[in-house]
Amino acid sequence: MNFSRILLLFSFVFVTLQVVLPQQNQRGKGTILIEYADMLEGAEKRLGKNVQALKGNVKMRHHNTRMFCDSAIIFRDSNKVEAFGSIHIIQNDTIDLYGDKLYYDGNEEIAKVRENVRLVNRNVVLTTNHLDYDRRDDVAYYFNGGRIVDESNELVSRLGFYYPRSGEVNFKDSVVLTNPDYLMYSDTLKYFTRTEVVEIVGPTDIVSDQNTIYSELGFYDTKKDKARLLRNNYIDGGEQTLRGDTIYYDRKKGFGEVFSSMELEDTANNVIITGNYGFYNELSERAMATRRAVLKQVYGTDTLFLHADTLRADPVDDDPENKIVRAFHHVQFFRSDLQGRCDSMVYDFRDSTNTFYHDPVIWAQGNQMTAGTIKLFTKKRALFKAEMIDNAFLIAPEDTMHYNQIKGKMMTGYFKDNQLYKIDVDGNGQTVYYPKDREYVIGVNRAESSNLTIFLEDRKVNTIVLRTQPSGNMNPPLVLAPEDTKLDGFVWLEQYRPKNYESIFNFKKMEIDVKRADYSGYQFDQ
């Protein structure tokens, strides 16, 4: 090309720019402005009327948006641009949008960027192959898979809506959030890039090495590792699972606080603790429940339900693999064949022992047991022994008018197949026993012995063995006065027996004084 032709071409481009640019300075109409191009030519024959082609280092502007590319076609009548190669859009000097192709509508203020798309807003980077950016509503959205990365998290989904001004991102369909400490899976999530807080708005699983969290509504602060879970929530730590209507969870402390419908399930020990308020620390394995607190413990095919004002579960200091459960105040429990009440209870998982303190009363197969302290021992989830310590008293109704009675300093009952079959009395043993001939009471047998053994059959007294210094007598049933047919301390407490699950919440105060344990100085450690 000779010099004259080059000069002629330069003159053509210069004149063209002089003609076009003044028409574009009317920004009130939203016209797309051309700031620079190595070459501009008319493309009316190929592409239609009022169409221009730009080539080489193209720079355009529309309001506060600047656009760069290798080449572009401007459709003047529709105020649209098709751009190709090295696409770079700068919005408000804060958002950079890159790609290989651009379709921009100046009237609608929508940029459609395709292939190798990357949107950068400070520390947030969005990558996809198909992105539409609505400048007017300030929202960028992808619809064929995309990824957003910030300082802490990476989020991918099939659909996504990003609002750069507010920093909010709405993810839909196959959402996965990757954090160094966990993975989050959901169908729908909201993420706030400025605070790094996730809003859970659908079924969501958060999976880590220490637990799995599930929720359908709530918030998770990925920076502070704190969660507020509000619907159908649980935290599954393997052997322990915490559920509740509202859960506040601190991952760093391992602490979960539950409001309304708390449930802590220990699958290793077949125990469930419930209440309307409580907490569980997965690091220390301490738990507490109150406000209609219940401990549910499985024994074979039956379940024991125990209620108290407060329930505590703590690991044993020298044996962290085991726990101790404590129940404080107004303790009542129910099982189909076992009921009871006391002021406080301790269950030790090391030897499967339940210890009942302060005026305990236990009813087993119709037998009433009272003592200063009562211990129940289980083996293979079945009751096999009961120890009544200090002023032990057992009452077994023979019928509606007669009561077999056993009294002593200490009493040990033995169970087989959950049936009481033998009782040993050690110290100051006394009995009142009604022998029968077939179905009829034939007398009243009063006996005393330092040590004695009672054998039962079908829940009834069958044989009494007086082992040390025995004494006793047999009287016809109508000879003795009613007061002589009852041992000192006889009190029939049937009216206080919990008769079903609901009754464990109705603690009736006994007419006799009940000494309560003082736990006012007890520190509820989290």
Side-chain angles (χ1 to χ4, degrees), residues 235 237-244 254-258 261-300 302-335 338-358 360-362 373-387 498 501 504-505 507 516-517 519 522-526:
I235 302 174
E239 293 184 347
Q240 288 80 32
T241 301
L242 180 67
R243 295 181 175 87
F255 181 73
E257 187 176 20
V258 185
S261 301
M262 172 200 174
E263 179 180 292
L264 176 63
E265 181 179 8
D266 187 336
T267 56
N269 297 289
N270 281 0
V271 169
I272 298 174
I273 295 176
T274 64
N276 283 326
Y277 172 79
F279 65 76
Y280 175 64
N281 190 314
E282 60 192 358
L283 301 183
S284 66
E285 296 191 0
R286 297 182 183 276
M288 188 273 285
T290 187
R291 302 174 192 170
R292 205 174 171 86
V294 176
L295 181 145
K296 303 174 185 178
Q297 188 171 17
V298 177
Y299 290 88
D302 208 346
T303 301
L304 181 142
F305 300 91
L306 183 146
H307 166 67
D309 293 349
T310 302
L311 291 173
R312 291 275 311 186
D314 299 285
V316 181
D317 292 338
D318 57 352
D319 187 4
E321 295 298 320
N322 282 298
K323 295 183 180 66
I324 291 178
V325 174
R326 298 177 175 89
F328 299 143
H329 305 320
H330 301 114
V331 178
Q332 292 198 122
F333 60 90
F334 171 82
R335 198 175 75 182
L338 187 70
Q339 304 87 41
R341 56 177 283 155
C342 63
D343 184 72
S344 57
M345 182 277 296
V346 174
Y347 180 77
D348 193 330
F349 283 92
R350 288 173 294 184
D351 55 7
S352 300
T353 304
N354 261 324
T355 305
F356 303 88
Y357 298 97
H358 305 287
V361 185
I362 292 178
T373 300
I374 298 178
K375 290 185 176 182
L376 298 182
F377 298 82
T378 58
K379 184 182 296 183
K380 296 181 180 179
R381 309 194 187 285
L383 181 64
F384 79 95
K385 186 171 72 170
E387 289 184 357
Y501 169 74
I504 65 176
F505 301 102
F507 192 94
R516 294 171 57 87
Y519 294 102
Y522 190 90
Q523 179 65 41
F524 289 123
D525 298 326
Q526 296 179 356

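No hydrogens, no waters, no symmetry mates; every other heavy atom, side chains included, goes into these values.
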As an exercise, state the distance from CG of L376 to CD1 of I362, rounded to the nearest 0.5 Å. 4.0 Å
Looking at N276 and S261, what are the two nearest heavy atoms and their distance? OD1-N, 3.4 Å
Do T373 and T355 pass the side chain to side chain contact (heavy atoms under 4.5 Å, CB included) test, and can you show the C-alpha distance, the side-chain angles, and the key distance before you say yes or no? CA-CA 7 Å; T373 300; T355 305; 3.6 Å; yes
Contact summary for G244 and V258, nearest pair of heavy atoms: CA-CG1, 3.5 Å
With respect to D309, which candidate in H330, R291, H329 satisfies the side-chain hydrogen bond (donor to acceptor under 3.5 Å, both in side chains) definition? H330
V271 side chain reached by F349 side chain, heavy atoms, under 4.5 Å: yes
What are the two closest heavy atoms between D302 and R335, and how far apart are they? OD2-CG, 3.4 Å
Can you find a pair of side-chain heavy atoms, one from N354 and one from M345, that are under 4.5 Å apart? yes
Do R286 and P315 have side chains that get closer than 4.5 Å, going by heavy atoms? yes
Quick one: are L306 and L311 in side-chain contact, heavy atoms under 4.5 Å? yes
Do you know the tightest heavy-atom contact between Y357 and C342? O-CB, 3.4 Å
Residues E257 and Y280: side-chain donor-acceptor under 3.5 angstrom: no
To the nearest 0.5 angstrom, please state how far the CD1 atom of I272 sits from the CG atom of L295. 9.5 Å
Please round to the nearest 0.5 Å and tell me the distance separating atom CG of N281 and atom CE of M288. 12.5 Å
Lys/Arg N to Asp/Glu carboxylate O, K323 vs D348, below 4.0 Å: no
State whether F507 and R341 meet the cation-pi test: NZ (Lys) or CZ (Arg) under 6.0 Å from the six-membered ring centroid, and within 45° of the perpendicular axis. yes
Any heavy-atom pair between the side chains of T241 and L264 that's under 4.5 Å? no
Tell me whether the centres of the aromatic rings in F333 and Y501 are closer together than 6.0 Å. no
Any cation-pi pair here, K385 with F377, using under 6.0 Å and within 45°? yes
Under 3.5 Å: donor-acceptor pair, side chain of T267, backbone of E239: yes
T378 side chain to S352 backbone, donor-acceptor under 3.5 Å: yes
Taking side chain as C-beta onward, heavy atoms only, is Y347 less than 4.5 Å from Q297? yes
Within this structure, what is the CG-OG1 distance for the pair N270 and T303, rounded to the nearest 0.5 Å? 9.0 Å
Tell me, do V346 and F356 make a side-chain contact under 4.5 Å, heavy atoms counted? no
Salt-bridge test for K375 and E387: reply yes if a basic N is under 4.0 Å from a carboxylate O, no otherwise. no
Would L242 and M262 satisfy side chain to side chain contact (heavy atoms under 4.5 Å, CB included), going step by step from the backbone distance to the final call? CA-CA 7 Å; L242 180 67; M262 172 200 174; 4.1 Å; yes
Any side-chain heavy-atom pair of I324 and D314 under 4.5 Å: no
How long is the gap from CZ on F305 to CZ on F505, to the nearest 0.5 Å? 9.5 Å
Taken to the nearest 0.5 Å, the spacing of H307 NE2 from R292 CZ works out to 7.5 Å
Of the non-hydrogen atoms in A308 and V331, which two are nearest, and what is the gap between them? CB-CG2, 3.8 Å
Restricting to non-hydrogen atoms, name the atom on A289 and the atom on I273 that form the minimum distance, rounded to 0.1 Å. CB-CG2, 3.5 Å
